[in-house]
2 protein chains.
Amino acid sequence: MTTSDGLRGAAARMPVTRRPVERIKEMIAEGELSPGDRLPTERELSAAFGVSRSSLREAVRTLTTLGVLEVRHGAGVYVTGLRPGDLLETFSVLAEISQGDTLIEVLQVRRMLEPAATALAAARATDEQLRRIGAILERMAEGGGEREAVAADLTFHQAIVQTTGNATLAAINDGLSSRTFNARVWSGHREAGQTARLRDDHQRIYQALLARDPDAARAAATMHVMEVERWLRCDLDREKGDRPDGTEQAPRPEPA
Amino acid sequence: MTTSDGLRGAAARMPVTRRPVERIKEMIAEGELSPGDRLPTERELSAAFGVSRSSLREAVRTLTTLGVLEVRHGAGVYVTGLRPGDLLETFSVLAEISQGDTLIEVLQVRRMLEPAATALAAARATDEQLRRIGAILERMAEGGGEREAVAADLTFHQAIVQTTGNATLAAINDGLSSRTFNARVWSGHREAGQTARLRDDHQRIYQALLARDPDAARAAATMHVMEVERWLRCDLDREKGDRPDGTEQAPRPEPA
DNA sequence: CACGTAGAAGAGATCAGACCACTTACCCGA
DNA sequence: TCGGGTAAGTGGTCTGATCTCTTCTACGTG
């Protein structure tokens, strides 16, 4: 009773729930299903795939989590826009539950992406986009609670990356700088000196964008990410061992 | 009407299935659950959360898809290693089902990451790591079918990125250069000139690594990604409109 | 005729319980 | 002592019923 069914070798010993997942992904890749399309009802799909409705629902749940499908209660199952932002939404869990060294790694990646992205933004930004970024900066200057400050910082960087016009880049960057992540880095860093330093960083980035100077933008972004990295390292050290001596704030500087 | 995303107080009007998802993620973030820990049985969990087993299973399915949990048939549900590679496995769907412009965007991101990563690798590589990369190159030179060539190319770049010691970076890069993606770029580019060009690119990267020369490594990696991007643009143009004139092979070069 | 509301139909959400398939560990016999 | 077999435990799947939400229709009112 095992492999006797006529299924081709590939789909033979596949968990039942996985079959609809692979098939639907395949249909999308082949163009049989397009963004926005509505799928048959769960009851019809389960019959079509020869699986129970429970299993079919788990398959749909998988594809929903991946950002491929979207379920509207009472209305049906739809293919999402399949835009990078849809497919990379899962990305944020990394920043959400990672700890210690992985957070450093995340910042190192941002140190590769954000300078390049900011430089690109400086070259491509329209007047309207620059105006919007400036507005965000003004809102940050107005102060507000820590929550608002974190949100505004996030919005500032997101706006810059969006200016590059690369939605994939924007989605990845969003994932690497999720709200949870930033809140963690920021916690305990609201002292006067650091807040001022942050504002300076942002101002320098903004000025470089205004001047449409990619090199300056790259440098400013690099400095900013490095600063955030320094804070994080400081925090991690404090957590690890409570050494009161403030030395070794930036251990192991990048060799390159 | 109701504020759909109010989220005030406790989990007020949250879909039943989502409650276990959020709670388990929270427990992991708080350290109540650690990598490798085993969770209670599905039956116990469903009782603990006050949901049916079906709903709990959908929650577990969500977390499994995200790479947070791992289910072993007959043995139990476990927390994964929570390593970047675990959490970013979903990443590959982007390369799997994206088309057209998004593929270009993916390559632009790689153009930001791979040069930086290769430079870092040049600075940090151990003799053993360099030897391994060299071995991969030799295997590629031996030829073989297109399938083997794609796999070897992938392995080559993965080995380099792993050399940086940044698992997050490696996971992201893996996602951006999945087998499916590469197979698509490569299809139809096995002509003599391009194969040779590819081998040259790889050799130059390898030489830069051997010389532990970050600048040369960065340049070589950049050239390589740009070359792949040129192929892809060529393919996309061919698909879109069948213009026989070979002009506009590399449209809109990056302004920066 | 225009419009809004109530009801019905359809679709996903959740639940309950049963049975199947796989893993693990224990126990018994050689 | 070692090996295999068996049973308990756990995830995998199925069935079918009920609940909730969306959507559309049809009715009634102004």
Side-chain angles (χ1 to χ4, degrees), chain A residues 1-7 10-24 33 36-80 86, chain B residues 1-7 10-24 27 33 35-80 86:
Chain A
M1 286 306 170
T2 49
T3 60
S4 60
D5 46 9
L7 290 179
R13 275 271 130 243
M14 189 182 280
V16 175
T17 301
R18 195 172 148 186
R19 203 163 51 207
V21 173
E22 297 303 326
R23 180 72 189 112
I24 290 174
L33 281 175
D37 280 359
R38 182 186 162 175
L39 276 66
T41 70
E42 291 183 348
R43 290 161 175 91
E44 287 171 330
L45 279 175
S46 62
F49 284 116
V51 305
S52 74
R53 209 182 141 204
S54 325
S55 300
L56 190 271
R57 272 184 62 79
E58 293 199 22
V60 170
R61 172 75 61 180
T62 299
L63 291 167
T64 301
T65 304
L66 290 173
V68 173
L69 296 183
E70 176 189 3
V71 175
R72 302 181 203 160
H73 190 174
V77 182
Y78 296 80
V79 180
T80 69
D86 298 321
Chain B
M1 281 309 219
T2 56
T3 62
S4 57
D5 51 356
L7 201 58
R13 275 268 136 244
M14 189 182 281
V16 175
T17 301
R18 194 171 151 186
R19 203 162 52 206
V21 173
E22 297 303 326
R23 180 74 189 111
I24 291 174
M27 288 175 72
L33 281 175
D37 280 359
R38 183 186 160 177
L39 275 66
T41 71
E42 290 184 348
R43 289 161 177 90
E44 288 171 330
L45 279 175
S46 62
F49 285 116
V51 305
S52 73
R53 203 182 146 206
S54 321
S55 299
L56 179 98
R57 273 184 61 80
E58 293 199 23
V60 170
R61 171 76 60 181
T62 298
L63 291 167
T64 302
T65 304
L66 291 173
V68 173
L69 295 183
E70 177 189 2
V71 174
R72 302 180 203 161
H73 189 173
V77 182
Y78 296 79
V79 180
T80 68
D86 298 320

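Remember, it's a predicted structure, so these values are computed and weren't measured experimentally. Chain A is the first sequence line, chain B the second, and so forth, proteins listed ahead of strands; every chain is numbered from 1.
Residues passing the side chain to side chain contact (heavy atoms under 4.5 Å, CB included) test with A:S54, sequence neighbours excluded: A:S52. With sequence neighbours excluded, no residue forms a salt bridge (charged side-chain N to carboxylate O under 4.0 Å, His left out) with A:E44. Residues satisfying the salt bridge (charged side-chain N to carboxylate O under 4.0 Å, His left out) test with A:R23, not counting sequence neighbours, are A:E26, A:E32. Partners of B:R61 under the salt bridge (charged side-chain N to carboxylate O under 4.0 Å, His left out) rule, at least two apart in sequence or in another chain, are A:E58. Residues satisfying the side chain to side chain contact (heavy atoms under 4.5 Å, CB included) test with B:V21, not counting sequence neighbours, are B:K25, B:A59, B:T62, B:L63.
DNA chain C is contacted by both A:A75 and B:G50; A:A75 maps to the nucleotide lying nearer its 5′ end (nearest heavy atom per residue). Both B:R53 and A:Y78 sit near DNA chain D, but only B:R53 has its closest nucleotide nearer the 5' end.
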What pairs of nitrogen or oxygen atoms, one from the protein and one from nucleotides 5-7 of chain D, lie under 3.5 Å apart?
none

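Between the CZ atom of B:F49 and the P atom of C:dC15 there is a distance of 13 Å, given to the nearest Å.
If you take CD on B:E42 and CZ on B:R53, they are separated by 4.5 Å, rounding to the nearest 0.5 Å. Distance check, rounded to the nearest 0.5 Å: CE of B:M27 to CG of B:D37 gives 9.0 Å. For the atom pair CG (A:D86) and CG (A:L69), the distance works out to 11.0 Å, reported to the nearest 0.5 Å.
A cation-pi geometry, defined here as NZ or CZ lying under 6.0 Å from the six-membered ring centre and within 45° of its normal, holds between B:R72 and B:Y78.
Residue contacts shown for B:R38 are limited to sugar-phosphate atoms, with no base heavy atom under 4.0 Å away.
Within residues 39-48 of chain A, the residues having any heavy atom closer than 4.0 Å to DNA chain C are, in order of number, A:T41, A:E42, A:R43. A heavy atom lying under 4.0 Å from DNA chain D marks the following residues of residues 66-74 of chain B, by number: B:V71, B:R72, B:H73, B:G74. The stretch residues 54-63 of chain A comes close to DNA chain C through A:R57, each having a heavy atom under 4.0 Å from the strand.
At distances below 3.5 Å, at least one donor-acceptor pair connects side-chain atoms of B:T80 with backbone N or O atoms of B:G67.
Taking 4.5 Å as the limit, every side-chain heavy atom of A:L45 sits out of range of all side-chain heavy atoms of A:V77.
In terms of heavy-atom proximity, B:V51 sits nearest to B:P20 at CG2-CG, 4.5 Å.
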